[in-house]
Undergrad: 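This structure is in C-alpha cells; I'll ask about it shortly.
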Amino acid sequence: MFLKGKTALVTGSTSGIGLAYAKALAAEGANVLINGFGDAAAIEQERQGLEATSGGKAVYSAADMSKPDEIVAMVEDCAKTLGGVDILINNAGIQHVAPIEEFPVEKWDAIIAINLSSAFHTIRAALPGMKAKKWGRIINTASAHSLTASPFKSAYVTAKHGLAGLTKTVALEAATFGVTANCISPGYVWTPLVEKQIPDTMKARNMTREQVMNDVLLAGQPTKQFVTSEQVASLAIYLCTDGAAQITGANLSIDGGWTAA
Ligand code: NAD
C-alpha cells in the first residue's frame, strides 16, 4: 500500500479503463475521486468498494468533462475533501466513427473538449498544488491513435495526438518540481467504448460484427489479443512509484505491438 496518504483523481472512471485505474490505486491505499456518468446506484456501489479496498476515502464527482467550470470545481473539491490531487489521471473519452465529409460538427467539438481540452483544464487547476508539494504524477490516457491514424476517426486521432503534445509540454514545465507527466497509449482494450463503436464501424465499412472484430480491431494488433484494463492500470501504478521518477514526457505504448508494425 505505497500510496497510503496520497489522493488520486481519475476522470472518466465509472467504467472501463478508468474504473480499473481507480481500483488499482485504491488497492495501493490511495484516496480516490472517481468521475463519469452512469447509474447512480452502481456508482455508489463502486465508491463504497473503493473505500473498503483502500481503507481511505473515495468520493464521486458528476462533473461533465466538456464543461471547464465543472472541471475546475471538481479539482477544487478534491483538494478540499481529500487534501489535494497528488495523482491526476486524465482518462475520460468518447469516440465517433464516420468519414470526415459526414463527421457531425457537434461530435468533433465534443471529442476535442472531452478527450483533449478537459486534460488542459484539470492540469491547469491541479499542477500548482503538486508543485507546492514537490511531488505529483500526471498520467494521460492517450491511445495508439496518438502515434498513428486510422480512417474515419478524425476527431479522436486529432485529440489523442494533441494530448501527447500537451503531455510533453507539461513534463518540461514540471520537470524540476518532482512532478512527472506521461501518456499511456493502449491499443484495443475490451471496454464499453470499443463495444459501442462496432455498429458504426460495421456501417462505415459495410462489414459484419465478426469482420470488424478480426479484420479491423485486432487486425493491427500483432498479438491478436485485446489489452486488458488491468494491464493498463498496472502501468499507471508503476508510474506512481519512485522507480519511475525519471520517466517524464514519455508516451508509453501498451498495444500488443500495434505501433511497432
Ligand atoms: P468507457 O466508455 O468504458 O469509459 C469512458 C469513461 O468516460 C466513462 O466513465 C464515462 O462515463 C466517462 N465520460 C464520457 N464522457 C464524459 C464526460 N463528458 N464527462 C465525464 N466523464 C465522461 O471507455 P474506455 O475504453 O475505458 O476509455 C477510457 C479512455 O481510454 C478514453 O480516453 C479512451 O480514448 C482511451 N482508450 C481506450 C481504448 C480502448 O480500446 N478501449 C484504447 C486506447 C485508449
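Start at 1 and go down the list; that is how both ligands and their atoms are numbered. For reference, positions follow the sequence shown, starting with 1.
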Undergrad: Looking at Ala250 and Asn182, what are the two nearest heavy atoms and their distance?
TA: N-OD1, 2.9 Å

Undergrad: What is the minimum heavy-atom distance between Val32 and Ala30, and which atoms define it?
TA: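 Looking at all heavy atoms of both residues, the closest pair is CG2-O, 3.5 Å.
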
Undergrad: Select all protein residues for which some heavy-atom-to-ligand 1 distance is less than 4.0 Å, and list them by chain and number.
TA: Gly12, Ser13, Thr14, Ser15, Gly16, Ile17, Asn35, Gly36, Phe37, Ala63, Asp64, Met65, Asn91, Ala92, Gly93, Ile94, Ile114, Thr141, Ala142, Ser143, Tyr156, Lys160, Pro186, Gly187, Tyr188, Val189, Thr191, Pro192, Leu193, Val194

Undergrad: Where does the angle between the aromatic ring planes of His145 and Trp258 fall among parallel (under 30°), tilted (30 to 60°) and perpendicular (over 60°)?
TA: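 Perpendicular: the ring planes of His145 and Trp258 meet at over 60°.
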
Undergrad: So, for Cys240 and Leu25, which heavy atoms are closest and what is the spacing to 0.1 Å?
TA: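 Heavy atoms of Cys240 and Leu25 come nearest at SG-CD2, 4.4 Å.
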
Undergrad: Would you say the side chains of Glu44 and Gln48 form a donor-acceptor pair under 3.5 Å?
TA: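 Short answer, yes.
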
Undergrad: Specify the closest pair of heavy atoms between Ala110 and Ile94, including all atoms of both residues, with the distance to one decimal.
TA: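 Taking Ala110 first and Ile94 second, the nearest heavy atoms are CB-CD1, 3.9 Å.
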
